[in-house]
Every structure is written in C-alpha cells, then in structure tokens.
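Presented below is the structure to which this report refers.
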Amino acid sequence: QVSLVESGGGLVRTGESLRLSCAVSTNILRFNVMRWYRAAPGNERDFVASLSGLGRSVIADFVKGRFTISRDTGNNTLYLEMNFLRPEDTAVYYCNGVLKGRSYNHWGQGTQVTVSS
C-alpha cells in the first residue's frame, strides 16, 4: 500500500537547475532510508543520493557539490535538488525507500530528466 510518486522532471539546458519531488503515501519518518537512483538509456540504475531516517545524507561522488537530498516531513515529500546540470545527468530518476524493520525496496515509476548541451 506504500507508494512513491516522482515528479518535477523535464527538459533543461546545461547549467540549469531542477528539483525533483517524491510524494510518499505514508509518514516519511517510517522509512529507515530513502534514496534517489537514476538510469541513463541502456544503463543500469545507479545510486545518486540517500537520506536516512535520522536525517543523515550520502551523495554520490559524481554529483557531489551539485545535488542535494532533503525531505519535508510535513507533507511527506522527498526532494532532489539538482544544480549545474550536465548532459550526462540525463536519465530517468527513481525514488526508493525501505521502511524501518523491513527489507523490501519500494520504488516509484521514475521521472525523466533531459539536459541539452
């Protein structure tokens, strides 16, 4: 019954910014960890960023300094703020989460981000 719904993707130009949202159907604090992944066309789904239930964040090296993960516990939304976007950031971005005391990975449907050069 838990659902994750991404939004905010689109077409932007190199150097521009975009903020992705992941709407969570339950209290976001029920998650042990929430993550963002991305998959470029034909590529595997790669880790981008994570946020623990205690608020600790981890950012992948290839986006460190440009991307920020955060959450709004008031409206149960996970965010990925992406700055200084590059064409290589083009991918489908997925929201992921694991509930406390569970091992199942919940996934959203993904949202497309395209960065033109």
Side-chain angles (χ1 to χ4, degrees):
Q1 294 180 330
V2 173
S3 67
L4 308 175
V5 181
E6 302 95 333
S7 63
L11 175 62
V12 296
R13 293 171 292 187
T14 297
E16 294 184 336
S17 298
L18 207 57
R19 188 178 74 165
L20 306 182
S21 298
C22 173
V24 180
S25 66
T26 188
N27 187 343
I28 199 169
L29 295 177
R30 291 180 60 199
F31 285 87
N32 182 59
V33 63
M34 299 204 72
R35 309 179 183 99
W36 287 97
Y37 285 76
R38 72 186 189 186
N43 290 3
E44 66 178 356
R45 194 171 296 186
D46 294 324
F47 170 81
V48 175
S50 67
L51 186 67
S52 76
L54 296 177
R56 191 172 305 171
S57 66
V58 176
I59 310 296
D61 286 341
F62 52 82
V63 295
K64 192 172 296 182
R66 299 189 297 119
F67 289 14
T68 302
I69 188 170
S70 63
R71 69 188 175 196
D72 186 335
T73 58
N75 61 7
N76 296 310
T77 303
L78 182 75
Y79 298 102
L80 183 68
E81 183 178 357
M82 306 182 294
N83 301 308
F84 303 102
L85 284 163
R86 307 164 181 169
E88 54 262 42
D89 295 319
T90 295
V92 177
Y93 284 73
Y94 297 90
C95 182
N96 163 275
V98 180
L99 293 168
K100 294 176 181 177
R102 309 285 184 172
S103 60
Y104 180 79
N105 281 268
H106 296 271
W107 292 94
Q109 81 291 343
T111 186
Q112 176 71 50
V113 173
T114 303
V115 185
S116 63
S117 57

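These numbers come from the heavy atoms of this one structure, side chains and all, not from hydrogens, waters or symmetry mates. Fair warning: this is a prediction, and the values are worked out from it, not measured in the lab.
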Between the CG atom in L20 and the CH2 atom in W36, the distance rounded to the nearest 0.5 Å is 5.0 Å

Which heavy atom in L51 sits nearest to a heavy atom in G55, and how many Å separate them? CD1-O, 3.5 Å

Value rounded to 0.5 Å, distance of OG in S50 from CG in N32: 10.5 Å

Might you point out which heavy atoms bring P41 and T90 nearest each other, and give the distance in Å? CD-O, 4.4 Å

With a 4.5 Å cut-off on side-chain heavy atoms, are V58 and F47 touching? yes

Are L80 and F62 linked, directly or through intermediate hydrophobic residues, by side-chain heavy-atom contacts shorter than 4.5 Å (ILVMFWY only)? yes

Partners of F67 by ring pair (Phe, Tyr, Trp, His ring centres under 6.0 Å), sequence neighbours excluded? none

If you take all heavy atoms of A49 and I59, which pair is closest and at what distance? CB-CD1, 3.6 Å

Please lay out, stage by stage, how L99 and H106 fare under the test side chain to side chain contact (heavy atoms under 4.5 Å, CB included). CA-CA 8 Å; L99 293 168; H106 296 271; 4.0 Å; yes

N-O pairing of D61 and K64 below 4.0 Å: yes

Work out which heavy atom in S25 is nearest to a heavy atom in V2; give both atom names and the distance. OG-CA, 3.4 Å

Any sub-3.5 Å donor-acceptor pair from N83's side-chain atoms to S17's backbone N or O? no

Any heavy-atom pair between the side chains of M82 and V63 that's under 4.5 Å? no

Enter the distance from L78:CG to T73:OG1 here, rounded to the nearest 0.5 Å. 12.0 Å

Side chains of V24 and M34 in contact at under 4.5 Å (non-hydrogen atoms): yes

Specify the closest pair of heavy atoms between R35 and V98, including all atoms of both residues, with the distance to one decimal. NH1-CG2, 3.9 Å

Count the heavy atoms of every other residue, nucleotide or ligand shown that sit under 6.0 Å from CZ of F84, and state whether that count exceeds 12. no

For residues L4 and Y94: do they belong to one hydrophobic cluster (side chain heavy atoms under 4.5 Å, members Ile, Leu, Val, Met, Phe, Trp, Tyr)? no

In terms of heavy-atom contacts, S57 and I69 come closest through CB-CG2, 3.7 Å

I28 side chain near T77 side chain, heavy-atom distance below 4.5 Å: no

Taking only distance into account, with no hydrogens and no angle test, what donor-acceptor pairs under 3.5 Å do side-chain atoms of residues 108-117 form with protein atoms, sequence neighbours excluded?
{"from": "Q109", "atom 1": "NE2", "to": "E6", "atom 2": "O", "distance (Å)": "3.1"}
{"from": "Q109", "atom 1": "NE2", "to": "E6", "atom 2": "OE1", "distance (Å)": "3.3"}
{"from": "T111", "atom 1": "OG1", "to": "G9", "atom 2": "N", "distance (Å)": "3.2"}
{"from": "Q112", "atom 1": "NE2", "to": "A91", "atom 2": "O", "distance (Å)": "3.4"}
{"from": "Q112", "atom 1": "NE2", "to": "T114", "atom 2": "OG1", "distance (Å)": "3.3"}
{"from": "S116", "atom 1": "OG", "to": "V12", "atom 2": "O", "distance (Å)": "3.4"}

Cation-pi check, R19 to Y79: give yes when NZ or CZ is under 6.0 Å from the six-membered ring centre and within 45° of the ring axis, no otherwise. yes

Verdict with reasoning, R45 to N96, per side chain to side chain contact (heavy atoms under 4.5 Å, CB included): CA-CA 11 Å; R45 194 171 296 186; N96 163 275; over 6 Å; no

Should F31 and R71 count as side-chain neighbours, where that means a heavy-atom distance under 4.5 Å? no

